[in-house]
Amino acid sequence: MRTREQALTYGLSFPNTYQEAPFHDPNWQLVWVKGSKKAFLWTYERDGHICLNVKVSPEWRDFWRQAYPSVIPAYHQNKEHWNTIILDGSIPRKEVERMIAESYDLVTDTPTKRIYEAVKKIPKGKVATYGLIAKLAGNEKMSRAVGNALHKNPDPEHIPCFRVVNAKGELPGNFAFGEGVQERLLKEDGIEVVDGKVDLQKYLWKKQC
């Protein structure tokens, strides 16, 4: 990858992204995530090369800098969390794309997103507790946040929130799904529901955190 156009095209291939020049300077073209007011890819020309600023996790920051001399602490941004990639042809395209993708993942990462990703992993015929989903999402103390996120589930077809019950195996009630809906979906999954409760000894998802 050598050109700004290639970098921008790749950045815009991710969901819910758009391009904008926020500084009224066409040299700075950024790719943003819609709704978050966050950019994950900064592109600009400096010292005769197109450069990219990408967000990076601390455990990978120094790896990339040591692997490629053309990856340096970020120009114009926090050097602890951002790297600059100089597109001088010395870095394989796949590696540049990997760094851009990692930046996108970091910028779009939220507790709600982690909750939904954890719920997606609950297998058919099993249930998980709010506490387990909170732990898988990175904070075992945010069980209430799990309930709020599932109540606002934007994609019930792919995020099976009906498979989440409380620590006693009890269904949360009709307010979350409508009368009888969660019980019906669990039964269709092959899970017995007796008096509004699931036997956790039999149906709890034994996910290792």
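Residue numbers start at 1 and run along the sequence shown.
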* Asked: Between the main-chain N or O of Tyr203 and the side-chain N or O of Lys126, is there a donor-acceptor pair closer than 3.5 Å?
  -> no

* **Euclidean distance, Trp64 CH2 relative to Ser57 OG, rounded to 0.5 Å** => 10.0 Å

* Thr9 side chain to Glu5 backbone, donor-acceptor under 3.5 Å -> yes

* To do: Work out which heavy atom in Ile86 is nearest to a heavy atom in Cys51; give both atom names and the distance.
  => CG1-SG, 4.2 Å

* **Mutual orientation of the aromatic rings belonging to Tyr104 and Phe40 [parallel < 30°, tilted 30-60°, perpendicular > 60°]** => perpendicular

* Asked: Are Trp28 and Leu41 connected in a single hydrophobic cluster, I mean Ile/Leu/Val/Met/Phe/Trp/Tyr linked by side-chain heavy atoms less than 4.5 Å apart?
  -> no

* Taking atom types as modelled, find out whether Asp25 and Tyr44 have a side-chain donor-acceptor pair closer than 3.5 angstrom. => no

* To do: Compare every heavy atom of Ala74 with every heavy atom of Lys79, then report the nearest pair and how far apart it is.
  => NZ-O, 2.9 Å

* Check salt bridge (charged side-chain N to carboxylate O under 4.0 Å, His left out) between Glu192 and all other residues, then give those that pass, not counting sequence neighbours. => Lys202

* To do: Report yes or no: does Arg61 contribute a side-chain atom to a donor-acceptor pair with the main-chain N or O of Glu80 at less than 3.5 Å?
  => yes

* Can you get from Met142 to Ile159 by hopping between Ile, Leu, Val, Met, Phe, Trp and Tyr side chains that sit under 4.5 Å apart? -> yes

* When you check the side-chain N and O atoms of Glu170 and Asn166, is any donor under 3.5 Å from an acceptor? -> yes

* Nearest-0.5 Å distance that lies between atom OG in Ser70 and atom CG in Asn83 -> 12.0 Å

* Is Val107 linked to Val56 within one hydrophobic cluster, defined over Ile, Leu, Val, Met, Phe, Trp and Tyr using a side-chain heavy-atom separation of less than 4.5 Å? -> yes

* Residues forming a side chain to side chain donor-acceptor pair (under 3.5 Å) with Trp82, sequence neighbours excluded -> none

* Asked: Of all heavy-atom pairs between Ser143 and Ala134, which one has the smallest distance, and what is that distance?
  -> N-CB, 3.9 Å

* **Test side-chain contact (heavy atoms from CB on, under 4.5 Å) applied to Asn153 and Val119, step by step** => CA-CA 11 Å; Asn153 185 354; Val119 172; over 6 Å; no

* Structure fact -> Separation between CZ (Arg98) and OG (Ser103), nearest 0.5 Å, reads 14.0 Å

* Structure fact -> Arg114 meets the salt bridge (charged side-chain N to carboxylate O under 4.0 Å, His left out) criterion, sequence neighbours left out, with Asp109

* Shortest non-hydrogen contact from Glu45 to Asn27? -> N-OD1, 2.8 Å

* Spell out, as yes or no, whether a donor-acceptor pair under 3.5 Å connects the side chain of Arg4 to the backbone of Ile50. => no

* Asked: Taking everything shown except Lys121 itself, do over 12 heavy atoms lie less than 6.0 Å from its NZ?
  -> no

* Please step through side-chain contact (heavy atoms from CB on, under 4.5 Å) for the pair His49 and Leu87, ending with a clear verdict. => CA-CA 6 Å; His49 291 292; Leu87 296 184; 5.9 Å; no

* Asked: For the hydrophobic clusters of this structure (ILVMFWY residues joined by side-chain heavy atoms under 4.5 Å, transitively), does one cluster hold both Ile91 and Tyr10?
  -> yes

Would you be so kind as to tabulate the donor-acceptor pairs closer than 3.5 Å made by side chains of residues 16-24, with sequence neighbours excluded?
from  : atom 1 : to    : atom 2 : distance (Å)
Thr17 : OG1    : Leu12 : O      : 3.4
Thr17 : OG1    : Phe14 : O      : 2.8
Gln19 : NE2    : Gln29 : OE1    : 3.0

* Taking it one step at a time, do Ile122 and Ile133 satisfy side-chain contact (heavy atoms from CB on, under 4.5 Å)? -> CA-CA 9 Å; Ile122 306 172; Ile133 295 301; 4.0 Å; yes

* To do: May I have all residue pairs that pass salt bridge (Lys or Arg N to Asp or Glu O under 4.0 Å) and include part of residues 148-165, sequence neighbours excluded?
  => Arg163-Asp189

* Structure fact -> Contacts of Lys120 meeting salt bridge (charged side-chain N to carboxylate O under 4.0 Å, His left out) (sequence neighbours excluded), chain-then-number -> Glu117

* Asked: Step by step, would you call Leu200 with Val165 a side-chain contact (heavy atoms from CB on, under 4.5 Å)?
  -> CA-CA 9 Å; Leu200 293 182; Val165 298; 4.0 Å; yes

* Asked: So, Gln6 side chain and Thr3 main chain: donor-acceptor pair closer than 3.5 Å or not?
  -> yes

* Rounded to the nearest 0.5 Å, what's the gap from CD1 on Ile115 to SG on Cys161? Could you check? => 12.0 Å

* Short side-chain to backbone donor-acceptor contact, Thr84 and Ile72, under 3.5 Å -> no

* Asked: Roughly how far, to the nearest 0.5 Å, is the CD1 atom of Ile85 from the CD1 atom of Ile100?
  -> 6.0 Å

* Is Leu136 linked to Val164 within one hydrophobic cluster, defined over Ile, Leu, Val, Met, Phe, Trp and Tyr using a side-chain heavy-atom separation of less than 4.5 Å? -> yes

* **Atom of Ala7, atom of Leu52 and distance for their closest heavy-atom approach** => CB-CD2, 3.6 Å

* Asked: Any sub-3.5 Å donor-acceptor pair from Tyr116's side-chain atoms to Ala149's backbone N or O?
  -> yes

* Asked: For Phe162, does its backbone N or O pair with a side-chain atom of Gln182 as donor and acceptor, under 3.5 Å?
  -> yes

* Drop me the distance from Glu102's CD to Lys55's NZ, to the nearest 0.5 angstrom. => 13.0 Å

* Look at atom CD of Gln201 and say whether more than 12 heavy atoms of other residues, nucleotides or ligands are closer to it than 6.0 Å. => no

